[in-house]
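If you read the sequence from its start, that first residue is 1, and numbering goes on from there. For ligands, and for the atoms within them, numbers begin at 1 and follow the listed sequence. Owing to the predicted nature of the structure, the values given are computational and were not obtained by experimental measurement.
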Amino acid sequence: MKRRVLVASNRGPVSYEFGAGGTLTGRRGGGGLVSGVTSGLAAVTPEAQVRWVCAALSDADRAAAARLHAGTQELDGVPVRMLDIPRPTFERAYNSVANSILWFTHHMLFDTPNQPQFGREFRRDWAAYQAYNEAFAEALAGEATGNHEERELVPSAAIRVLVQDYHLALAPRLLRHRLAGEAGDAGIAHFWHTPWAPADYYRILPAEVSRALLDGLLGADHLGFHCDRWAHAFLDCCESLLSAQVTRGAREGAAGTLARVSYRGRVTGVGVHPLGVDAAALRARTLQADVQAHLSALRRTAAGKKLIVRVDRTELSKNIVRGLAAYRELLATRPQWRGRVLHVAFTYPSRSAVPEYRAYTEQVRRIAQEITEEFGTPEWDPLLLEVRDDYPRSLAACALADVLVVNPVRDGMNLVAQEGPVLSERGCALLLSREAGAAATLGAAALLVNPYDVSETAAALHRALAMPDAERRSRSAALAVIAAASPPSRWLGDQLAALGP
Ligand code: G6P
């Protein structure tokens with residue numbers, strides 16, 4: 001039976017920039033979510049009609065969206081429908097609710113004596129988040145039912161909708177309402193890419209908001225999380241805030257369903273689907289000329305030294321400042337490493353519309369400068385910090401790392417922790433936060449740290465640098481095998497399987 005697979009995410013698989021004279025240039029990709037879904041779709045649904053519904057994020061995206069005609073929605077060969085949501089609605093939904101409140105809640109980032117304050121302004125922002133979700137539900141319903149001709153080709157039982165992430169928590173329930181009757185048996189899944197907060201912290205949200213988010217998600221048939229810990233935290237919230245009936249059990253079948261939630265007359269499956277890497281594609285990417293050029297340059301820069309690498313968005317949850325503080329403590333307390341190591345920190349810009357991110361980026365630059373001033377000599381630069389997006393250079397750094405630092409205060413999964421060992425040429429020691437979702441699978445072969453404990457992290461850096469070559473290689477090989485065991489094709493295939501045959 002022919003399938004129609006609809007993906008919905010805030011950021012889509014293509015984004016636009018204005019060139020000279022107002023021309024539009026499209027760029028593929030951008031971020032772990034998009035690359036995971038893209039490669040998952042390519043692998044598992046060659047026969048299906050695929051359509052990706054996303055938001056126009058910039059003026060150039062809006063201009064591109066305006067060029068689309070109903071029925072022929074493709075942008076640069078990608079079957080995408082880009083929604084031109086009114087700018088104030090989009091900004092409030094994306095920056096003020098999704099990035100400033102939901103992201104902060106689930107990563108537990110609030111400075112609680114001062115933040116958050118839920119007043120009238122927040123209620124206005126929340127209304128925008130609702131409208132934004134309505135816009136997605138409306139577009140998805142249109143894509144699901146299609147025109148009459150298409151509906152005969154694809155019966156509604158063969159329609160699968162894969163909704164992504166915290167931007168779109170309300171969309172499953174809203175879509176369910178719209179499909180009732182005409183396409184009531186379409187399958188809806190939602191995947192949550194970040195952690196889920198413990199119930200006591202989740203209750204920071206206003207009562208009506210915390211309940212609406214849970215209720216929205218429970219409009220889906222299947223909900224996915226990266227690891228058991230986030231899934232169980234979500235289930236705890238369903239029990240304590242909604243009094244939903246939760247049946248936790250052993251994992252059923254290959255699709256990884258670990259619980260069922262009964263609420264408002266419906267049953268929703270909750271599953272764990274870790275998103276790892278497509279190891280063959282990633283290794284093939286490093287053979288391209290741009291990565292090879294960075295490899296040569298970096299080999300020269302790091303010649304004769306042990307290389308400590310981190311690659312992150314400049315993101316509060318990534319804990320870059322404490323990571324650098326740990327490096328400073330290493331150099332201060334274990335002077336034998338001075339002149340013998342180089343720390344490369346590639347932190348690419350992110351969410352600069354949110355004030356906390358701008359301040360954090362400044363903090364990162366400041367501590368980096370302090371380290372250079374304190375320990376640098378005419379012969380030795382201890383640290384190379386670059387706040388710039390350069391994917392090929394990041395791949396090269398991962399390939400050459402002796403030590404890879406991934407120390408987030410909280411992280412849904414973390415792709416770098418998985419990419420590093422897969423790319424590593426000589427084997428790398430992975431220093432990994434116990435608060436990253438990836439710790440659930442990679443923990444045994446990594447050096448786990450408490451991300452708040454700078455001294456413990458400094459000691460782990462020392463241990464990683466001093467690790468015998470054979471141990472480093474065997475740990476790294478074990479990590480690479482685990483990362484490659486959950487490729488995007490499996491991640492996406494298991495979610496589709498959970499929606500039924
Ligand atoms: C990270 C998170 C995803 C999230 C994405 C959004 O990749 O892991 O959960 O959807 O950021 O990033 P953006 O740059 O689109 O705000």
Side-chain angles (χ1 to χ4, degrees), residues 7-16 27-40 52-58 61 80 82-83 85 90-109 129 132-133 136 162-169 171 190-197 213 217 223-227 230 234 273-277 311-320 347-358 360-361 387 389 391 394 406 408-419 433 435-439 488 491:
V7 175
S9 63
N10 174 65
R11 187 178 290 280
V14 56
S15 65
Y16 283 83
R27 238 165 63 123
R28 299 279 184 106
L33 183 158
V34 166
S35 66
V37 176
T38 307
S39 50
W52 197 319
V53 178
C54 62
L57 306 181
S58 63
D61 279 359
V80 56
M82 207 178 245
L83 305 180
I85 295 168
F90 173 78
E91 296 296 339
R92 286 169 191 159
Y94 174 63
N95 283 318
S96 306
V97 177
N99 287 345
S100 300
I101 298 297
L102 302 184
W103 181 273
F104 274 58
T105 299
H106 291 293
H107 289 85
M108 300 166 68
L109 294 175
Y129 182 85
Y132 165 101
N133 273 261
F136 268 83
L162 305 174
V163 184
Q164 307 300 312
D165 230 352
Y166 56 97
H167 315 88
L168 291 170
H190 186 289
F191 192 84
W192 193 267
H193 290 260
T194 79
W196 191 278
L213 292 164
L217 289 167
L223 297 175
F225 294 88
H226 280 302
C227 62
W230 314 144
F234 169 78
H273 309 286
L275 176 56
V277 299
V311 177
D312 296 292
R313 283 189 300 114
T314 316
E315 157 65 56
L316 285 72
S317 64
K318 299 296 182 185
N319 206 24
I320 302 166
T347 69
Y348 48 101
S350 182
R351 302 185 192 161
S352 52
V354 180
E356 286 88 342
Y357 283 67
R358 294 198 295 274
Y360 192 71
T361 306
V387 186
D389 190 3
Y391 182 60
S394 300
V406 180
V409 289
R410 245 168 117 77
D411 206 333
M413 187 63 180
N414 196 289
L415 221 45
V416 175
Q418 309 191 64
E419 288 172 343
S433 164
E435 302 301 316
W491 172 75

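Residue Ser350 holds its OG atom at 8.0 Å from CG of Asn99, rounded to the nearest 0.5 Å. Atom-to-atom distance recorded for Glu419:CD and Ser35:OG is 7.0 Å, nearest 0.5 angstrom. For the atom pair Phe225 CZ and Leu275 CG, the distance stands at 15.0 Å (nearest 0.5 Å).
For His107, the ring pair (Phe, Tyr, Trp, His ring centres under 6.0 Å) criterion is met by Trp103, not counting sequence neighbours.
Below 30°, between 30° and 60°, or above 60°: for His273 and Phe191 the angle between ring planes is between 30° and 60°, a tilted geometry. By the 30° and 60° cut-offs, the orientation of the rings of Phe234 relative to Trp196 is perpendicular.
Sorted by chain then number, the residues whose non-hydrogen atoms approach ligand 1 to under 4.0 Å are Arg11, Leu33, Tyr94, Trp103, Asp165, Tyr166, His167, His193, Thr194, Arg313, Arg351.
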